[in-house]
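Structure first, commentary second.
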There are 2 protein chains.
Amino acid sequence: MVEAARALVEESGIAALTMRALAEHLGIKAPSLYKHFPDKAAVEVELIALSLAETARAMEEAEEHFERSADAPTLLAALAAAYRADALAHPHLYCLATEGPLPRHALPEGLEERAALPLLRACDFDADQARAIWAFAHGMVTLEIHGRFPDGADLTGAWRAGVTALER
Amino acid sequence: MVEAARALVEESGIAALTMRALAEHLGIKAPSLYKHFPDKAAVEVELIALSLAETARAMEEAEEHFERSADAPTLLAALAAAYRADALAHPHLYCLATEGPLPRHALPEGLEERAALPLLRACDFDADQARAIWAFAHGMVTLEIHGRFPDGADLTGAWRAGVTALER
DNA sequence: GTCTATACCCGGATAGAC
DNA sequence: GTCTATCCGGGTATAGAC
(Lines give C-alpha, C1' and ligand atoms only; values in the text may rest on other atoms or scores of the structure.)
Protein backbone atom coordinates (compact mmCIF):
# COMPACT_ATOMS: atom_id res chain seq x y z
CA MET A 1 0.00 0.00 0.00
CA VAL A 2 2.76 2.37 0.95
CA GLU A 3 4.54 0.87 -2.02
CA ALA A 4 1.78 2.10 -4.30
CA ALA A 5 2.03 5.57 -2.80
CA ARG A 6 5.72 5.49 -3.39
CA ALA A 7 5.32 4.49 -7.01
CA LEU A 8 2.80 7.26 -7.50
CA VAL A 9 5.12 9.89 -6.09
CA GLU A 10 8.13 8.68 -8.02
CA GLU A 11 6.31 8.53 -11.31
CA SER A 12 4.27 11.67 -11.16
CA GLY A 13 5.60 13.89 -8.42
CA ILE A 14 4.48 14.92 -5.00
CA ALA A 15 1.46 16.84 -6.20
CA ALA A 16 0.12 13.65 -7.74
CA LEU A 17 -0.16 12.03 -4.33
CA THR A 18 -3.85 12.46 -3.62
CA MET A 19 -6.11 10.06 -1.83
CA ARG A 20 -8.14 9.62 -4.99
CA ALA A 21 -5.12 8.88 -7.16
CA LEU A 22 -3.66 6.52 -4.61
CA ALA A 23 -6.92 4.64 -4.37
CA GLU A 24 -7.24 4.35 -8.13
CA HIS A 25 -3.67 3.08 -8.31
CA LEU A 26 -4.70 0.34 -5.91
CA GLY A 27 -7.89 -0.47 -7.73
CA ILE A 28 -10.11 0.66 -4.88
CA LYS A 29 -12.07 3.78 -4.05
CA ALA A 30 -10.71 6.67 -2.07
CA PRO A 31 -12.87 6.31 1.04
CA SER A 32 -11.57 2.79 1.56
CA LEU A 33 -8.14 4.20 2.28
CA TYR A 34 -9.40 5.65 5.52
CA LYS A 35 -9.69 2.13 6.93
CA HIS A 36 -5.92 1.87 6.62
CA PHE A 37 -4.72 5.39 7.33
CA PRO A 38 -6.29 7.97 9.60
CA ASP A 39 -5.59 10.73 7.11
CA LYS A 40 -3.33 11.78 4.29
CA ALA A 41 -0.58 13.01 6.57
CA ALA A 42 -0.18 9.46 7.84
CA VAL A 43 0.52 8.27 4.31
CA GLU A 44 3.16 10.94 3.89
CA VAL A 45 4.80 10.01 7.15
CA GLU A 46 5.10 6.43 5.98
CA LEU A 47 6.75 7.62 2.80
CA ILE A 48 9.19 9.80 4.68
CA ALA A 49 10.11 6.92 6.94
CA LEU A 50 10.56 4.68 3.92
CA SER A 51 12.81 7.19 2.21
CA LEU A 52 14.89 7.69 5.31
CA ALA A 53 15.28 3.96 5.80
CA GLU A 54 16.43 3.63 2.24
CA THR A 55 19.01 6.34 2.67
CA ALA A 56 20.25 4.62 5.79
CA ARG A 57 20.58 1.36 3.93
CA ALA A 58 22.39 3.01 1.02
CA MET A 59 24.88 4.55 3.44
CA GLU A 60 25.40 1.31 5.31
CA GLU A 61 26.04 -0.59 2.12
CA ALA A 62 28.49 1.95 0.82
CA GLU A 63 30.31 1.75 4.11
CA GLU A 64 30.38 -2.01 4.18
CA HIS A 65 31.44 -2.59 0.60
CA PHE A 66 33.86 0.26 0.33
CA GLU A 67 36.91 -0.38 -1.76
CA ARG A 68 39.33 2.21 -2.97
CA SER A 69 38.74 3.02 -6.62
CA ALA A 70 39.30 5.84 -9.06
CA ASP A 71 35.75 7.10 -8.55
CA ALA A 72 35.82 6.75 -4.80
CA PRO A 73 39.34 7.12 -3.48
CA THR A 74 38.13 7.48 0.11
CA LEU A 75 35.28 6.30 2.29
CA LEU A 76 33.78 9.78 2.39
CA ALA A 77 33.83 9.96 -1.39
CA ALA A 78 32.08 6.59 -1.54
CA LEU A 79 29.42 7.73 0.91
CA ALA A 80 28.87 10.93 -1.06
CA ALA A 81 28.52 9.01 -4.30
CA ALA A 82 26.06 6.61 -2.71
CA TYR A 83 24.04 9.49 -1.28
CA ARG A 84 23.84 11.14 -4.66
CA ALA A 85 22.92 7.95 -6.47
CA ASP A 86 20.23 7.09 -3.95
CA ALA A 87 18.65 10.53 -4.11
CA LEU A 88 18.72 10.76 -7.88
CA ALA A 89 17.23 7.29 -8.17
CA HIS A 90 13.96 8.72 -6.82
CA PRO A 91 14.14 12.49 -6.77
CA HIS A 92 10.49 13.11 -5.97
CA LEU A 93 10.57 10.85 -2.98
CA TYR A 94 13.76 12.50 -1.84
CA CYS A 95 12.15 15.91 -2.01
CA LEU A 96 9.03 14.74 -0.23
CA ALA A 97 11.15 13.37 2.59
CA THR A 98 13.45 16.31 2.72
CA GLU A 99 11.63 19.54 1.91
CA GLY A 100 9.65 19.91 5.04
CA PRO A 101 9.91 19.36 8.75
CA LEU A 102 10.81 15.88 9.92
CA PRO A 103 7.91 14.25 11.81
CA ARG A 104 10.30 12.89 14.40
CA HIS A 105 7.76 11.56 16.90
CA ALA A 106 6.03 9.51 14.22
CA LEU A 107 9.21 7.90 12.91
CA PRO A 108 10.55 4.49 13.91
CA GLU A 109 12.77 4.82 16.94
CA GLY A 110 16.38 5.48 16.07
CA LEU A 111 15.91 5.72 12.33
CA GLU A 112 17.21 9.26 12.05
CA GLU A 113 20.34 8.38 14.01
CA ARG A 114 20.83 5.23 11.97
CA ALA A 115 20.82 7.20 8.74
CA ALA A 116 23.40 9.61 10.12
CA LEU A 117 25.73 7.07 11.66
CA PRO A 118 27.85 5.94 8.69
CA LEU A 119 28.76 9.50 7.81
CA LEU A 120 29.45 10.30 11.42
CA ARG A 121 31.73 7.28 11.68
CA ALA A 122 33.56 8.29 8.53
CA CYS A 123 34.14 11.68 10.15
CA ASP A 124 35.46 10.16 13.35
CA PHE A 125 32.42 11.64 15.06
CA ASP A 126 33.36 15.20 14.21
CA ALA A 127 29.79 16.55 14.17
CA ASP A 128 30.70 19.85 12.52
CA GLN A 129 32.43 18.12 9.66
CA ALA A 130 29.63 15.59 9.27
CA ARG A 131 27.01 18.32 9.14
CA ALA A 132 29.02 20.32 6.65
CA ILE A 133 29.36 17.32 4.37
CA TRP A 134 25.72 16.44 4.74
CA ALA A 135 24.70 19.99 3.86
CA PHE A 136 26.99 19.97 0.86
CA ALA A 137 25.60 16.69 -0.43
CA HIS A 138 22.03 17.71 0.22
CA GLY A 139 22.60 21.04 -1.50
CA MET A 140 24.19 19.45 -4.54
CA VAL A 141 21.37 16.94 -4.86
CA THR A 142 18.51 19.41 -4.52
CA LEU A 143 20.10 21.96 -6.82
CA GLU A 144 20.64 19.23 -9.36
CA ILE A 145 17.13 17.86 -9.01
CA HIS A 146 15.58 21.25 -9.49
CA GLY A 147 17.73 22.05 -12.46
CA ARG A 148 19.38 24.98 -10.76
CA PHE A 149 22.84 24.59 -12.18
CA PRO A 150 23.49 26.09 -15.60
CA ASP A 151 22.93 23.72 -18.50
CA GLY A 152 25.91 21.53 -19.10
CA ALA A 153 27.56 22.36 -15.79
CA ASP A 154 30.18 19.83 -14.78
CA LEU A 155 28.61 18.53 -11.61
CA THR A 156 31.08 15.71 -11.22
CA GLY A 157 33.78 18.32 -10.87
CA ALA A 158 31.83 20.19 -8.23
CA TRP A 159 31.25 16.98 -6.31
CA ARG A 160 34.91 16.13 -6.43
CA ALA A 161 35.92 19.61 -5.37
CA GLY A 162 33.50 19.60 -2.45
CA VAL A 163 34.30 16.14 -1.17
CA THR A 164 38.06 16.50 -1.36
CA ALA A 165 37.95 19.87 0.38
CA LEU A 166 35.60 18.75 3.14
CA GLU A 167 37.48 15.56 3.70
CA ARG A 168 40.29 16.91 5.81
CA MET B 1 1.47 44.63 -5.62
CA VAL B 2 4.32 42.15 -5.77
CA GLU B 3 5.28 43.61 -2.43
CA ALA B 4 1.95 42.52 -0.99
CA ALA B 5 2.48 39.03 -2.35
CA ARG B 6 5.87 38.98 -0.78
CA ALA B 7 4.52 40.03 2.59
CA LEU B 8 1.87 37.35 2.38
CA VAL B 9 4.40 34.63 1.64
CA GLU B 10 6.81 35.75 4.30
CA GLU B 11 4.17 35.99 6.99
CA SER B 12 2.13 32.93 6.27
CA GLY B 13 4.07 30.63 4.01
CA ILE B 14 3.91 29.61 0.42
CA ALA B 15 0.61 27.82 0.74
CA ALA B 16 -1.00 31.07 1.87
CA LEU B 17 -0.29 32.65 -1.48
CA THR B 18 -3.67 32.35 -3.18
CA MET B 19 -5.22 34.81 -5.53
CA ARG B 20 -8.02 35.41 -3.05
CA ALA B 21 -5.71 36.04 -0.13
CA LEU B 22 -3.52 38.32 -2.19
CA ALA B 23 -6.53 40.32 -3.32
CA GLU B 24 -7.85 40.65 0.20
CA HIS B 25 -4.43 41.79 1.35
CA LEU B 26 -4.64 44.54 -1.25
CA GLY B 27 -8.19 45.49 -0.40
CA ILE B 28 -9.57 44.41 -3.74
CA LYS B 29 -11.36 41.35 -5.07
CA ALA B 30 -9.65 38.38 -6.59
CA PRO B 31 -10.83 38.78 -10.20
CA SER B 32 -9.29 42.24 -10.34
CA LEU B 33 -5.86 40.67 -10.07
CA TYR B 34 -6.23 39.22 -13.51
CA LYS B 35 -6.01 42.72 -14.96
CA HIS B 36 -2.45 42.85 -13.61
CA PHE B 37 -1.23 39.29 -13.96
CA PRO B 38 -2.23 36.73 -16.56
CA ASP B 39 -2.35 34.00 -13.94
CA LYS B 40 -0.97 32.91 -10.61
CA ALA B 41 2.25 31.57 -12.06
CA ALA B 42 3.12 35.09 -13.18
CA VAL B 43 2.87 36.28 -9.60
CA GLU B 44 5.19 33.54 -8.47
CA VAL B 45 7.70 34.37 -11.18
CA GLU B 46 7.78 37.97 -9.95
CA LEU B 47 8.47 36.75 -6.45
CA ILE B 48 11.24 34.47 -7.58
CA ALA B 49 12.86 37.32 -9.51
CA LEU B 50 12.53 39.55 -6.50
CA SER B 51 14.14 37.00 -4.23
CA LEU B 52 16.98 36.41 -6.64
CA ALA B 53 17.61 40.13 -7.00
CA GLU B 54 17.74 40.44 -3.25
CA THR B 55 20.27 37.64 -2.99
CA ALA B 56 22.36 39.32 -5.65
CA ARG B 57 22.25 42.58 -3.75
CA ALA B 58 23.17 40.90 -0.46
CA MET B 59 26.17 39.28 -2.11
CA GLU B 60 27.29 42.47 -3.76
CA GLU B 61 27.08 44.38 -0.52
CA ALA B 62 29.01 41.77 1.39
CA GLU B 63 31.66 41.88 -1.28
CA GLU B 64 31.86 45.66 -1.30
CA HIS B 65 31.92 46.22 2.43
CA PHE B 66 34.07 43.29 3.33
CA GLU B 67 36.47 43.86 6.16
CA ARG B 68 38.41 41.22 7.98
CA SER B 69 36.81 40.45 11.34
CA ALA B 70 36.60 37.65 13.82
CA ASP B 71 33.29 36.46 12.38
CA ALA B 72 34.40 36.78 8.79
CA PRO B 73 38.14 36.29 8.47
CA THR B 74 37.93 35.95 4.69
CA LEU B 75 35.79 37.21 1.83
CA LEU B 76 34.29 33.79 1.30
CA ALA B 77 33.31 33.62 4.95
CA ALA B 78 31.67 37.02 4.63
CA LEU B 79 29.74 35.97 1.55
CA ALA B 80 28.61 32.80 3.28
CA ALA B 81 27.45 34.74 6.32
CA ALA B 82 25.56 37.20 4.12
CA TYR B 83 23.92 34.37 2.19
CA ARG B 84 22.78 32.74 5.37
CA ALA B 85 21.49 35.97 6.88
CA ASP B 86 19.61 36.89 3.73
CA ALA B 87 17.95 33.51 3.42
CA LEU B 88 16.99 33.29 7.07
CA ALA B 89 15.57 36.81 6.96
CA HIS B 90 12.72 35.49 4.78
CA PRO B 91 12.81 31.71 4.75
CA HIS B 92 9.50 31.21 3.00
CA LEU B 93 10.46 33.45 0.15
CA TYR B 94 13.79 31.68 -0.09
CA CYS B 95 12.08 28.32 -0.36
CA LEU B 96 9.61 29.57 -2.92
CA ALA B 97 12.46 30.86 -5.06
CA THR B 98 14.60 27.84 -4.57
CA GLU B 99 12.55 24.68 -4.29
CA GLY B 100 11.48 24.33 -7.86
CA PRO B 101 12.76 24.88 -11.35
CA LEU B 102 14.05 28.32 -12.21
CA PRO B 103 11.84 30.02 -14.83
CA ARG B 104 14.86 31.29 -16.66
CA HIS B 105 13.14 32.67 -19.75
CA ALA B 106 10.82 34.82 -17.64
CA LEU B 107 13.57 36.32 -15.51
CA PRO B 108 15.24 39.69 -16.09
CA GLU B 109 18.17 39.27 -18.43
CA GLY B 110 21.40 38.53 -16.60
CA LEU B 111 19.93 38.31 -13.12
CA GLU B 112 20.99 34.74 -12.52
CA GLU B 113 24.56 35.52 -13.54
CA ARG B 114 24.57 38.66 -11.43
CA ALA B 115 23.63 36.70 -8.33
CA ALA B 116 26.41 34.22 -8.97
CA LEU B 117 29.14 36.69 -9.80
CA PRO B 118 30.42 37.77 -6.37
CA LEU B 119 30.95 34.19 -5.29
CA LEU B 120 32.57 33.35 -8.57
CA ARG B 121 34.92 36.31 -8.19
CA ALA B 122 35.79 35.25 -4.66
CA CYS B 123 36.69 31.84 -6.08
CA ASP B 124 38.88 33.30 -8.81
CA PHE B 125 36.36 31.90 -11.27
CA ASP B 126 36.93 28.33 -10.23
CA ALA B 127 33.46 27.09 -11.16
CA ASP B 128 33.79 23.77 -9.34
CA GLN B 129 34.72 25.47 -6.10
CA ALA B 130 31.98 28.07 -6.48
CA ARG B 131 29.35 25.43 -7.07
CA ALA B 132 30.55 23.37 -4.14
CA ILE B 133 30.35 26.38 -1.83
CA TRP B 134 26.97 27.36 -3.17
CA ALA B 135 25.66 23.84 -2.63
CA PHE B 136 27.05 23.79 0.89
CA ALA B 137 25.45 27.13 1.76
CA HIS B 138 22.15 26.20 0.18
CA GLY B 139 22.13 22.87 1.96
CA MET B 140 22.89 24.42 5.32
CA VAL B 141 20.17 27.01 4.88
CA THR B 142 17.45 24.63 3.76
CA LEU B 143 18.28 22.04 6.39
CA GLU B 144 18.19 24.78 8.99
CA ILE B 145 14.93 26.25 7.71
CA HIS B 146 13.22 22.90 7.74
CA GLY B 147 14.47 22.04 11.19
CA ARG B 148 16.42 19.07 9.98
CA PHE B 149 19.37 19.35 12.28
CA PRO B 150 19.02 17.84 15.75
CA ASP B 151 17.78 20.24 18.41
CA GLY B 152 20.56 22.34 19.78
CA ALA B 153 23.01 21.45 17.05
CA ASP B 154 25.88 23.91 16.80
CA LEU B 155 25.27 25.24 13.33
CA THR B 156 27.83 27.99 13.65
CA GLY B 157 30.44 25.29 14.03
CA ALA B 158 29.22 23.47 10.94
CA TRP B 159 29.27 26.69 8.93
CA ARG B 160 32.78 27.42 10.04
CA ALA B 161 33.95 23.91 9.29
CA GLY B 162 32.43 23.99 5.82
CA VAL B 163 33.63 27.41 4.84
CA THR B 164 37.19 26.95 6.03
CA ALA B 165 37.45 23.58 4.31
CA LEU B 166 35.98 24.77 1.03
CA GLU B 167 38.02 27.90 1.00
CA ARG B 168 41.26 26.48 -0.32
C1' DG C 1 -12.61 -3.74 3.91
C1' DT C 2 -15.02 -2.38 0.33
C1' DC C 3 -18.63 0.23 -1.71
C1' DT C 4 -21.96 4.55 -3.03
C1' DA C 5 -23.24 8.90 -2.09
C1' DT C 6 -22.20 13.07 -0.63
C1' DA C 7 -20.77 16.98 2.16
C1' DC C 8 -17.66 20.50 2.41
C1' DC C 9 -14.20 23.54 1.26
C1' DC C 10 -11.22 26.09 -1.39
C1' DG C 11 -8.57 26.82 -5.26
C1' DG C 12 -8.04 29.21 -10.21
C1' DA C 13 -10.25 31.50 -13.56
C1' DT C 14 -13.96 33.84 -16.76
C1' DA C 15 -18.05 36.85 -18.19
C1' DG C 16 -19.84 40.98 -18.39
C1' DA C 17 -21.52 45.27 -16.11
C1' DC C 18 -19.87 49.66 -14.39
C1' DG D 1 -9.41 48.71 -12.96
C1' DT D 2 -12.79 47.43 -10.19
C1' DC D 3 -16.89 44.99 -9.18
C1' DT D 4 -20.60 40.84 -8.74
C1' DA D 5 -21.83 36.52 -10.01
C1' DT D 6 -20.50 32.29 -11.22
C1' DC D 7 -18.29 28.15 -13.12
C1' DC D 8 -15.50 24.40 -12.71
C1' DG D 9 -12.43 21.32 -10.87
C1' DG D 10 -10.31 18.90 -7.40
C1' DG D 11 -8.98 18.02 -2.83
C1' DT D 12 -9.99 15.69 2.12
C1' DA D 13 -13.01 13.38 4.64
C1' DT D 14 -17.52 11.18 6.65
C1' DA D 15 -21.94 8.34 6.84
C1' DG D 16 -23.85 4.25 6.38
C1' DA D 17 -24.95 0.03 3.68
C1' DC D 18 -23.03 -4.42 2.37
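Residue numbering restarts at 1 for every chain, and letters A, B, ... go by the order of the sequence lines.
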Under 3.5 Å: donor-acceptor pair, side chain of [X], backbone of [Y]:
X: A:R68; Y: A:P73; result: yes
X: B:D124; Y: B:D126; result: no
X: B:D128; Y: B:R131; result: no
X: B:T142; Y: B:H138; result: yes

Practice item. Indicate the ring-plane relationship of B:F149 and A:W134, choosing parallel, tilted or perpendicular according to the 30° and 60° boundaries. Key: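 Correct class here is perpendicular.
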Practice item. Return the orientation label for the B:Y94 and B:Y83 ring planes: parallel under 30°, perpendicular over 60°, tilted otherwise. Key: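 Geometry flag for B:Y83 against B:Y94: perpendicular rings.
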Measure [atom1]/[X] against [atom2]/[N] and give the value in whole Å, please.
X: A:D39; N: D:dG11; atom1: CG; atom2: C1'; answer: 14 Å
X: B:K29; N: C:dC18; atom1: NZ; atom2: C1'; answer: 16 Å
X: A:L22; N: D:dG10; atom1: CG; atom2: C1'; answer: 16 Å
X: B:L33; N: C:dG12; atom1: CG; atom2: C1'; answer: 11 Å
X: A:L26; N: C:dC3; atom1: CG; atom2: C1'; answer: 15 Å

For nucleotides 14-17 of chain C, list the nitrogen or oxygen atoms of the protein found under 3.5 Å from its nitrogen or oxygen atoms, one pair per line.
none

Check your understanding: Does A:S32 have a side-chain nitrogen or oxygen under 4.0 Å from the phosphate oxygens OP1 or OP2 of C:dG1?
Key ->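 No, A:S32 has no side-chain N/O under 4.0 Å of OP1/OP2 on C:dG1.
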Might you list the N or O atoms of the protein lying below 3.5 Å from N or O atoms in nucleotides 9-11 of chain C, with each pair's distance?
from: C:dG11; atom 1: N7; to: B:R20; atom 2: NH2; distance (Å): 2.6
from: C:dG11; atom 1: O6; to: B:R20; atom 2: NH2; distance (Å): 3.4

Exercise for review: Please check if any side-chain donor atom of A:H90 sits under 3.5 Å from a side-chain acceptor atom of A:E54, or the reverse.
Suggested key: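 Side-chain D/A pair, A:H90 to A:E54: present.
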**Study point:** Cationic N near anionic O, under 4.0 Å, B:E61 to B:R57
**Key:**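 A salt bridge links B:E61 with B:R57.
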